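Everything on this sheet refers to the single structure shown next.
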Amino acid sequence: MEEYNHKKIESKWQEKWQELDLYETPDNPDPDDARYVLGMFPYPSGSGLHVGHVESFAGTDVYARFLRMQGKDVLFPMGWDALHPRERTEETIPVFKDQLNSLGLSYDWDREINTSKPEYYQWTQKLFTTLFEEGLAEKKPDTVNWCPGCQTVLANAQVIDGECERCDTEVEDKQMDQWFFNITEYADELLEDLDDLDWPESTKELQRNWIGRKQGARFSFPVHDTTTRRFVVLHGYKSGPKKHFHPWLKDKLEATGNEVIVPELPNPDNPDIEEQVAYVKDNVELTEDTILVGHSLGTIVAMKLLEDLDQRVKTTFLVAPYVDTDFADGKTRGYEDTTDWEFDTETIRENAGQLINLQPADDTSISDQQYQRAKDKLGGHWETIDVNKPHAKAEIEPALFSRIGNEVSVFTTRPDTLFGVTYLAVAPDTTWIENLIEFPELGLKNREEVQNYVQEAKAKSKDESREAEEKTGVRLEGITVKHPATGKQLPVYVADYVLSGYGTGAIMAVPAHDERDFEFAKAHDLPIKQVVAPVENELDADYTKLEDPIMERAANGVITRKKDNKILVQILKMDGEDTYKLPGGRADDGETIKEALIRELDEETGFRFNQVREQLGSFAVAYSRSLEKGSNSEPHIRVKRAFLVSTEDADDGQLVSEDYEGNLRHEWMEPEEAIKNIRNSQHFHNEADIVETFINDSPSTDEGIVVHADDFSGLTSDKAAEKITEAFGEKETTYNLQDWSIGRQRFWGAPIPIVYDPQGDPHPVPEEHLPWTLPEDVDFEPTGEPPLAKSEELFERTEEIFGEGWTPEIETMDCFVDSSWYFLRYPDPHNDENFAGKDALENWCPVDMYVGGAEHAVLHLLYARFITKALADSGEIDFREPFSSLRHQGMVLAEDGTKMSKSKGNVVNPNDVVDRLGADTLRMYELFAGPFSESFDWDTDSIAGPRRFIERVWRLVHEHKPELTSVQEPPESATYMHQTVKKVTEDTTEFNFNTAISALMEARNTMHDKERVTDDSLSVFLRLLAPFAPHATEELWHEFGPGGSVHKQDWPEFSPQAVEAESVEMAVQVDGTLRGQITVDKNAEKADIIEQAKADDNVANNLENKTVTRTIFVSGELVNFVTE
RNA sequence: GCCCGGGUGGAGGAACUGGUAGACUCGGGGGAUUUAAGAUCCUCUGCUUUAGAGCGUGUGGGUUCGAAUCCCACCCCGGGCACCA
């Protein structure tokens, strides 16, 4: 017998398989049997393949081979996520490829792709232009890390302690236009479609959190102004007082106490500007208190009006202003000749008062260039505002109202706490704050102080402000806002714990129920108002379903002793167990709650207090039954109150320590201990929250029963939130997900296929000029400037194709863009008409089984899902999710449990292992080491197991010298082999390779008993093993088989009858403890089995002198005799 | 802090939907073979214990005839998010 020699076998078969094209993908797969198996493609680093890669490659390969043997048509490709400059990848890729081949992986190399090649990235660029045309790719302002020294944008990783890694200059935040993919447009779909995916639950959860959808409400807090303001609003072309946002704006302004005039300008559909100006002059009085608002054409009317006004107005808002007739859509309006388009800007500015220009973002009628000309001519203050429709033509334009009407709007996820708002806080870097500083008319009294704070806050890093001991902020003196429900005036703060980028950049602060607001309120001595009572739920039912809580006239007291700060706890014996609670009780008729508390404390503890002090708060108990005799026993909720009482307030009372025939006593306890005991007592858990709130000085953030909230008191948080939102605000949803910034100032990557015309407007590079190649005349070493900016070739190329004055985009795309669609290329990798042909996509997509590291759980997988949806919407593909099933492989750690790294010298090179022990052993070792998705520590000793196993199989076959045939099913009598087929088939389907392998080992152990091995079972066994150890099984099949490759054989099947053994072992228990084992026939009757169980010696012993009251019988498992 | 995973012999890990805990593998002990070592084969291997048994799945409670598995509270480890209102 020849020894097992992996070296000889493995290279031999790898060559043969290649010669035979064994793994060619079928061109016309059967639609029902087509399977697309894909492992995430690697980045071909210079250091070569790592043992960590091997597990996922081996797992996908086993799975692909398994499917092929099951008769599936399988697409199993591989490629390279090559972000290096081309020269270097051309050296590293062959090394990687050799390493992969040495593992015996069954890729179809005819479909290899490489993202750094123009043949690939032209389709990445096509993807970009497709998204651009769909409005999903756009350039918009974003805050970037700017290094003034290098005059360049820095990635987060290049900023070290707030300084530039290259020149140590302090890095600034700067607003710059950046390219984005608008992934947020798909936020809802990306979230909702997760439910149907066969993905690891943890990964789905990670994506859900990343998307971070939160339902809540928006509330508006009008800024208090002592004088009634007078607005004159001039509408635009084809508009009028009843059109667009005008009715809504009028309502909103009037509701906050203003006077509003919206004159109906003559001939709105065919206007004459001079006529409209004259109409306003004759019919509307413009006074020094007037706030003049013009929208669109109304801004022209306003300007002409201001030109020859003989006094000034208070403020002028120009919404979407312009100064010439060169519209973005190229059309004419018809009113162009009705005025001269000359503007006396000096007089306009003089008479306009504060001149505020509001420029709607993404305007379709007025181009950015036209706005720029208006800006140059008019001056004044300019702001960009987010609008609901381009040119601010929607019926509701909240941004307009919040600016013109001067209100602060906030987003909250807890509308139920609206009545607990005691102040507002606004982020420092908001236009609202900037305006307050800039315009004294807005009434801010401490402008200098606020300005200083804002500057400090901007200079501070995020971490600095977060880690600050106290939350900082400055009160806006002279500014108050009106609470939308109570009408009370509230102070407003600028505070850096509020983020400008989330929600509206302002918050309603509820110190009693929010940690951060609580901290801030403590630091700035602001009131804290409890509006939600925590609920102890004694019910099995969901308390939030209960209606109408009872506002109980009852109270408990937290009695503190000044000398040692201990608090008094009442200990009640209930059902023989000590139950801890606070002393207190219910009010009698005619008694106030405070009086009742004083009386109860006296009765129960012996302390007589003259008064109770500060109320700690309310709490609620949800009862499943009534505590009172005779009252209704329906489940209900009672809300009680707690007060702080100090023994200093007591008369010379004596503590009563025992009462109620020894069932009640009192004890002074350390607060911590008291909280612990109360919390552990089943009945009064909620009282601990109250004590804790007092002791720890912390807010209670849980939902509960709303209190101190007018008509809403007594509602559960859920219901109160709904009703309060309805009454005072609007429903709103926010997301954590941000748009995907794709521009990179790097050399490697696909150039963004955009060119700018001489006016600076972007245009996509037409398809015939793709690939829009990366220039070759620049150095890619980092210097500061984007490398492409220095390419003469790129600039010349652009002017040559598009004309003089045209310039190229000089950024490249994030490499995640390449990898977010690559799986669409494999089905048709050589197509030069499109990224893939329709038929090929239909044949194979989406990917049936995708395998990769959990580190890609969010970005890559989310981006790929987004791109798939975007392409589906543009009609390129007809499926909306890229990966039907997903599995993660775990990490392979070094023997010491740390990450393998060159510096630690603990890296295991897969080449060495293949060389020493063979690819089959390495594959099986990694798959056997534990569950596929879990990490494991490399263990040199344990590798011996799989190696020995293969050797044992080798010997077993050689010793038995079988004549192998391609039988489908094991012999009927070989129960163990039917069980093995079942287990290996099921486990491999589920990616449970470790248990599949252990089943194979068990089968080998069984066959090691010479009585039980047959030619047919060996044939079945080798085919089950083939996906795991492809080389060794191929060699054995070659030697003893009927000819052909083992990998072309059919996967064995099992018979469900033959899986069941003739006889089965059953456990016999007495009172749940194992006392014996019996072997019973598979068809035996229950009664007979019980008799047999009783007859067992040890069981009989244990049953002696006992009466069996119950017998538990679980077929095929156990018999349990329960005695008295 | 919040959200996910996870905690089982000396080690990796198994255990269906609540039903004999520790499959399979490594390591270790003993034996056979060998001049010897290695390899191979046989055999034992959760802990305590004299038998019989008792104790055992991070800790403490609970539900159940029966809990690694379900419930409550807590501890520890890994991952993700984080002034996200």
Side-chain angles (χ1 to χ4, degrees), chain A residues 3 200-210 212 214 216 410-414 417 425 427 462-463 465-468 471 495-499 501-510 513-517 519-520 676 679-680 682 685 701 734-736 854-855 857-858 891 897 924-925 928-931 933-946 948-949 951-952 955 986 992 994-1005 1008 1065-1078 1098 1101-1102 1108-1123:
Chain A
E3 287 286 303
E201 216 30 66
S202 58
T203 299
K204 293 206 261 183
E205 200 55 32
L206 230 49
Q207 293 214 349
R208 287 189 190 108
N209 290 345
W210 190 264
K214 284 177 188 136
V410 299
F411 171 76
T412 179
T413 51
R414 289 293 300 276
T417 63
K462 260 191 173 183
D463 288 343
S465 39
R466 185 165 47 229
E467 280 155 23
K471 294 209 181 316
D496 64 3
Y497 81 95
V498 182
L499 306 177
Y502 185 81
T504 60
I507 58 155
M508 56 176 231
V510 188
H513 305 294
D514 182 277
E515 307 259 356
R516 297 148 300 178
D517 299 343
E519 241 182 87
F520 188 86
K676 205 177 139 197
R679 198 178 293 293
N680 286 342
Q682 284 191 350
H685 175 187
T701 55
T734 62
Y735 301 86
N736 267 2
E855 67 274 17
V858 176
M891 279 196 300
M924 291 194 78
Y925 166 66
F928 181 61
S933 60
E934 257 151 63
S935 302
F936 68 95
D937 299 349
W938 186 269
D939 181 29
T940 309
D941 287 342
S942 304
I943 285 208
R948 275 179 211 152
F949 169 67
E951 287 171 2
R952 284 170 187 158
R955 278 197 299 272
E986 287 171 357
N992 294 327
N994 57 332
T995 48
I997 292 172
S998 80
L1000 288 165
M1001 288 173 167
E1002 279 180 271
R1004 198 300 308 188
N1005 292 349
H1008 186 58
E1065 295 263 292
M1066 280 182 71
V1068 185
Q1069 299 179 335
V1070 176
D1071 291 326
T1073 308
L1074 185 70
R1075 297 297 175 190
Q1077 290 215 5
I1078 53 173
N1098 198 28
N1101 279 342
N1102 277 285
V1108 176
T1109 52
R1110 242 176 106 187
T1111 303
I1112 312 280
F1113 181 85
V1114 183
S1115 180
E1117 301 282 351
L1118 57 70
V1119 181
N1120 183 12
F1121 297 107
V1122 185
T1123 67

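As the structure is a computational prediction, the values presented were derived from the model and not from experiment. In the text below, chain A, chain B and the rest are named by the order of the sequence lines, each starting its count at 1.
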**OP:** Can you figure out which of B:rU40, B:rC4, B:rG19 approaches the side chain of A:Arg948 most closely?
**Re:** B:rU40
Original post:
Atom OH of A:Tyr502 to atom P of B:rA82: distance rounded to whole Å?
Top reply: 12 Å
Original post:
Separation of A:Ile1112 atom CD1 from B:rA67 atom P, in whole Å?
Top reply: 12 Å
Original post:
Is there a side-chain polar atom (N or O) of A:Arg1075 under 4.0 Å from OP1 or OP2 of B:rG66?
Top reply: no
Original post:
Side-chain N or O of A:Arg955 less than 4.0 angstrom from OP1 or OP2 on B:rC41?
Top reply: yes
Original post:
Does B:rU25 have OP1 or OP2 sitting under 4.0 Å from an N or O in the side chain of A:Asn1005?
Top reply: yes
Subject >> Interatomic distance where CG belongs to A:Asn1101 and P belongs to B:rA51 [whole Å] >> reply: 17 Å
**OP:** Have a look at A:Leu206 and say if it touches a base, only the backbone sugar-phosphate, or nothing, with a 4.0 Å heavy-atom cut-off.
**Re:** sugar-phosphate
**OP:** Can you measure from CZ (A:Phe1113) to CG (A:Leu1118) and round to the nearest 0.5 angstrom?
**Re:** 9.0 Å
Original post:
Considering only the C1' atoms, how many Å lie between B:rG10 and B:rC16, rounded to the nearest integer?
Top reply: 30 Å
Original post:
NA contact type, A:Glu519, heavy-atom cut-off 4.0 Å: base, sugar-phosphate, or nothing?
Top reply: nothing
Polar pairs (N or O, both sides) under 3.5 Å between protein and nucleotides 42-46 of chain B?
unit_1	atom_1	unit_2	atom_2	d
B:rC42	OP1	A:His1008	NE2	3.1

**OP:** Assign each of A:Met1066 and A:Ser998 to its nearest nucleotide of RNA chain B by heavy atoms, then name whichever residue's nucleotide is nearer the 5' end.
**Re:** A:Met1066
Original post:
Is there a salt bridge (charged side-chain N to carboxylate O under 4.0 Å, His left out) between A:Lys204 and A:Glu201 once you walk through the steps?
Top reply: CA-CA 5 Å; A:Lys204 293 206 261 183; A:Glu201 216 30 66; 3.7 Å; yes
Original post:
Does OP1 or OP2 of B:rA14 have a side-chain N or O of A:Asn994 closer than 4.0 Å?
Top reply: yes
Subject >> Spatial distance of atom CD (A:Glu519) from atom NZ (A:Lys471) [nearest 0.5 Å] >> reply: 4.0 Å
**OP:** Answer yes when A:Arg208 and A:Glu205 have at least one side-chain N-carboxylate O distance shorter than 4.0 Å, and no when they do not.
**Re:** yes
Original post:
Taking C-beta and beyond as the side chain, do A:Asp1071 and A:Val1122 meet within less than 4.5 Å on heavy atoms?
Top reply: yes
Original post:
Expressed in whole Å, how much space separates the P atoms belonging to B:rG28 and B:rA82?
Top reply: 48 Å
Original post:
Checking all strands, does A:Val498 fall into the base, sugar-phosphate, or nothing category for heavy-atom contacts under 4.0 angstrom?
Top reply: base
Original post:
Are OP1 or OP2 of B:rA85 and a side-chain N or O of A:Arg516 less than 4.0 angstrom apart?
Top reply: no
Subject >> Residue pair A:Asp517 / A:Ile507, side-chain heavy-atom distance below 4.5 Å >> reply: yes
**OP:** Whole angstrom is fine here: how far is it from CG in A:Asp1071 over to P in B:rA53?
**Re:** 15 Å
**OP:** Taking atom C1' in both B:rU33 and B:rG19, compute the distance separating them and give it to the nearest angstrom.
**Re:** 45 Å
**OP:** Assign A:Asn1098 to base, sugar-phosphate, or nothing according to its heavy-atom contacts below 4.0 angstrom with the strands shown.
**Re:** sugar-phosphate
**OP:** Using a 4.0 Å heavy-atom cut-off across all strands, classify A:Phe936 as base, sugar-phosphate, or nothing.
**Re:** nothing
Subject >> N/O donor-acceptor pair under 3.5 Å between A:Tyr925 side chain and A:Trp938 backbone >> reply: no
**OP:** Please state the P separation for the pair B:rA67 and B:rG60 - nearest whole angstrom.
**Re:** 15 Å
Original post:
Looking at the side chain of A:Glu1117, which of B:rG13, B:rC16, B:rC81 is the nearest nucleotide?
Top reply: B:rC16
**OP:** Sticking with atom P, work out how far B:rC76 lies from B:rC65, rounded to a whole angstrom.
**Re:** 35 Å
Subject >> Out of B:rG54, B:rU20, B:rC41, whichever nucleotide has its closest atom nearest the side chain of A:Arg952 >> reply: B:rC41
**OP:** With heavy atoms under 4.0 Å as the rule, sort A:Asn736 into base, sugar-phosphate or nothing.
**Re:** base
Original post:
Are side-chain heavy atoms of A:Asn736 and A:Lys214 found at a separation under 4.5 Å?
Top reply: yes
Subject >> Distance below 4.0 Å between A:Lys214 side-chain N/O and B:rA85 OP1 or OP2 >> reply: yes
**OP:** Could you grab the distance from atom CZ of A:Arg952 to atom NE2 of A:His1008, nearest 0.5 Å is fine?
**Re:** 8.0 Å
Original post:
With a 4.0 Å cut-off on heavy atoms, is A:Asn1120 in touch with a base, just the backbone sugar-phosphate, or nothing at all?
Top reply: base
Original post:
Heavy atoms under 4.0 Å, any strand shown: does A:Ser942 hit a base, just sugar-phosphate, or nothing?
Top reply: sugar-phosphate
Subject >> Gap in Å between the two C1' atoms, one belonging to B:rU17 and one to B:rG31, rounded >> reply: 45 Å
Original post:
Among the nucleotides B:rC65, B:rG19, B:rA85, which one has an atom lying closest to any side-chain atom of A:Leu1118?
Top reply: B:rG19
**OP:** Write down the distance separating the P atoms in B:rA21 and B:rG46, rounded off to the nearest Å.
**Re:** 14 Å
**OP:** Check every strand shown and say whether A:Pro931 touches a base, only sugar-phosphate, or nothing at a heavy-atom separation below 4.0 Å.
**Re:** sugar-phosphate
Original post:
Does A:Glu951 or A:Val1114 map to a spot on RNA chain B nearer the 5' end, using the closest nucleotide for each?
Top reply: A:Val1114
Subject >> Heavy-atom side-chain proximity of A:Arg1075 to A:Phe1121 below 4.5 angstrom >> reply: no
**OP:** Check whether any side-chain N or O of A:Arg208 sits under 4.0 Å from OP1 or OP2 of B:rC2, and answer yes or no.
**Re:** no
Subject >> B:rC55 versus B:rU49 - spacing of their P atoms, nearest Å >> reply: 16 Å
**OP:** Can you tell me the distance, in whole Å, between the CD atom of A:Glu1002 and the C1' atom of B:rU25?
**Re:** 11 Å
**OP:** Pick base, sugar-phosphate or nothing for A:Glu1065, based on heavy-atom distances below 4.0 Å to the nucleic acid.
**Re:** base
